[in-house]
Amino acid sequence: MKKVAVILAGCGVYDGSEIQEVVLSLLAIEQAGASWHCFAPDEEQHHVINHHAGAPTGESRNTLQEAARICRGEISPLTELDPTEYDALLLPGGFGVAKNLSDFAVNGSSMTVQEDVLHICKAFATAEKPAGYICISPILIPKVYGPGAKGTIGSDPETAAAFEAMGGEHIQCPVDDFVLDQSRRLLSTPAYMLATSVSEAASGINKLVAKLVDIA
């Protein structure tokens with residue numbers, strides 16, 4: 001059975017991982033006949049958002065502990081992820097990618113990627129193992145794969161411009177499809193960058209995950 005490592009960024013679209021994207025991804029992995037294990041940085045997240053009011057709460061939460069809520073505790077610190085033990089990598093979206101896995105939300109195209117996240121993602125790239133990036137997580141692609149790497153964040157012009165400013169080649173993609181950078185074994189899909197429903201998000205995620213497992 002092929003094994004997929006999944007990197008999470010907390011719990012909740014505004015300050016962590018997008019919950020529906022994560023659940024859809026884990027379901028798709030299983031339906032493709034593979035297994036998954038989740039990982040997250042064991043550190044304080046950028047901030048905490050009240051998802052009902054849409055405003056910061058002022059409290060402090062741990063990214064790993066929050067991410068554990070989504071996957072029923074089946075999660076490990078990111079520092080324990082050994083790329084040699086997994087066949088593929090997957091990063092769901094959510095603003096935690098831009099706040100906890102990187103500082104894109106603050107610094108835009110001048111962003112840096114969290115050290116452990118960058119190390120792991122680059123390890124999969126160097127080993128030529130396939131990786132899937134969903135929703136906003138493709139914004140990490142230029143920092144991981146370098147100039148010319150292809151990916152999509154849907155059609156948002158500002159985010160696409162930042163992607164290209166960092167050296168990536170942005171490709172507009174409909175919600176029900178994915179972009180494959182074949183030479184890098186790299187996949188991306190817009191999901192909730194474009195989706196207006198769970199089923200729309202699922203349409204692209206399911207295709208991406210099926211291809212990810214197939215080429216692993």
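Computed from heavy atoms alone, side chains included, the values below leave out hydrogens, waters and symmetry copies.
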Check your understanding: Can you hop from Val97 to Val23 via hydrophobic side chains spaced under 4.5 Å?
Key -> no

Practice item. First locate atom CD1 of Ile75, then atom OG1 of Thr63, and finally report the distance between them rounded to the nearest 0.5 Å. Key: 9.5 Å

Review point. Side chains of His47 and Lys99: is there a donor and an acceptor less than 3.5 Å apart?
Key: yes

Review point. Looking only at atom types and distance, does a side-chain atom of Asp87 sit under 3.5 Å from a main-chain N or O of Lys3, one as donor and one as acceptor?
Key: yes

Check your understanding: If only atom types and distance count, is the side chain of Asn100 paired as donor or acceptor with the main-chain N or O of His46 below 3.5 Å?
Key -> yes

Exercise for review: List the atom of Leu8, the atom of Leu101, and the distance in Å for their closest heavy-atom pair.
Suggested key: O-CD2, 3.8 Å

Review point. Sub-3.5 Å donor-acceptor pair from the side chain of Lys150 to the main-chain atoms of Asp181, do we have one?
Key: no

Check your understanding: Considering only heavy atoms from C-beta outward, does the side chain of Val144 approach that of Val113 to under 4.5 Å?
Key -> no

Check your understanding: With a 6.0 Å cut-off on ring centres, are Phe39 and Tyr86 close enough?
Key -> yes

**Study point:** Nearest-0.5 Å distance that lies between atom OG1 in Thr189 and atom NZ in Lys211
**Key:** 14.0 Å

Review point. Are any of the side-chain heavy atoms of Leu194 and Ser155 separated by less than 4.5 Å?
Key: yes

**Study point:** Common cluster, Ile29/Leu91, ILVMFWY with side-chain heavy-atom separation under 4.5 Å
**Key:** no

Revision key, fill the gap. Here the gap from Leu187 atom CG to Leu90 atom CG, rounded to the nearest 0.5 Å, amounts to 9.5 Å

**Study point:** Any donor-acceptor N or O pair under 3.5 Å, side chains Thr112, Asp103
**Key:** yes

Check your understanding: Ignoring hydrogens and geometry, is there a side-chain-to-backbone donor-acceptor pair from His37 to Val4 under 3.5 Å?
Key -> no

Review point. Salt-bridged, Arg61 to Glu66, with N to O below 4.0 Å?
Key: yes

Review point. Which heavy atom in Ala5 sits nearest to a heavy atom in Leu81, and how many Å separate them?
Key: CB-CD1, 3.9 Å

Check your understanding: If you round to the nearest 0.5 Å, how far is CD of Glu59 from OG1 of Thr57?
Key -> 3.5 Å

Point to revise | Tyr192 and its side chain to side chain donor-acceptor pair (under 3.5 Å) partner, picked from Glu18, Gln20, Glu21 | key: Gln20

Check your understanding: Mind checking whether Leu180 and Phe124 sit in one hydrophobic cluster, side chains of I, L, V, M, F, W, Y counted as touching below 4.5 Å?
Key -> no

Practice item. Starting at CE of Met166, measure out to CE of Met111 and round the result to the nearest 0.5 Å. Key: 4.0 Å

**Study point:** Over all atoms of both residues, closest heavy-atom pair of Cys135 and Gly94
**Key:** SG-N, 4.3 Å

Check your understanding: Can you name the closest pair of heavy atoms from Cys38 and Leu26 and give their distance?
Key -> SG-CD2, 4.1 Å

**Study point:** Any donor-acceptor N/O pair, Lys129 side chain to Ala216 backbone, under 3.5 Å
**Key:** no

Check your understanding: Transitively linked via ILVMFWY side-chain contacts under 4.5 Å: Phe95 with Val106?
Key -> no

Practice item. Flag yes if more than 12 heavy atoms outside Glu44 fall under 6.0 Å of its CD atom; otherwise flag no. Key: yes

**Study point:** Transitive ILVMFWY side-chain link Ile134 to Ile215, under 4.5 Å
**Key:** yes

Review point. Is there a donor-acceptor pair closer than 3.5 Å between any side-chain N or O of Glu169 and the backbone N or O of Ala149?
Key: no

Revision key, fill the gap. d(Leu140 CG, Lys122 NZ) to nearest 0.5 Å is 12.0 Å

Review point. Checking Asn107 side chain against Ser110 main chain: does a donor-acceptor pair fall under 3.5 Å?
Key: no

Exercise for review: Determine whether Glu85 and Asp82 make a side-chain contact, defined as any pair of heavy atoms from C-beta on separated by less than 4.5 Å.
Suggested key: yes

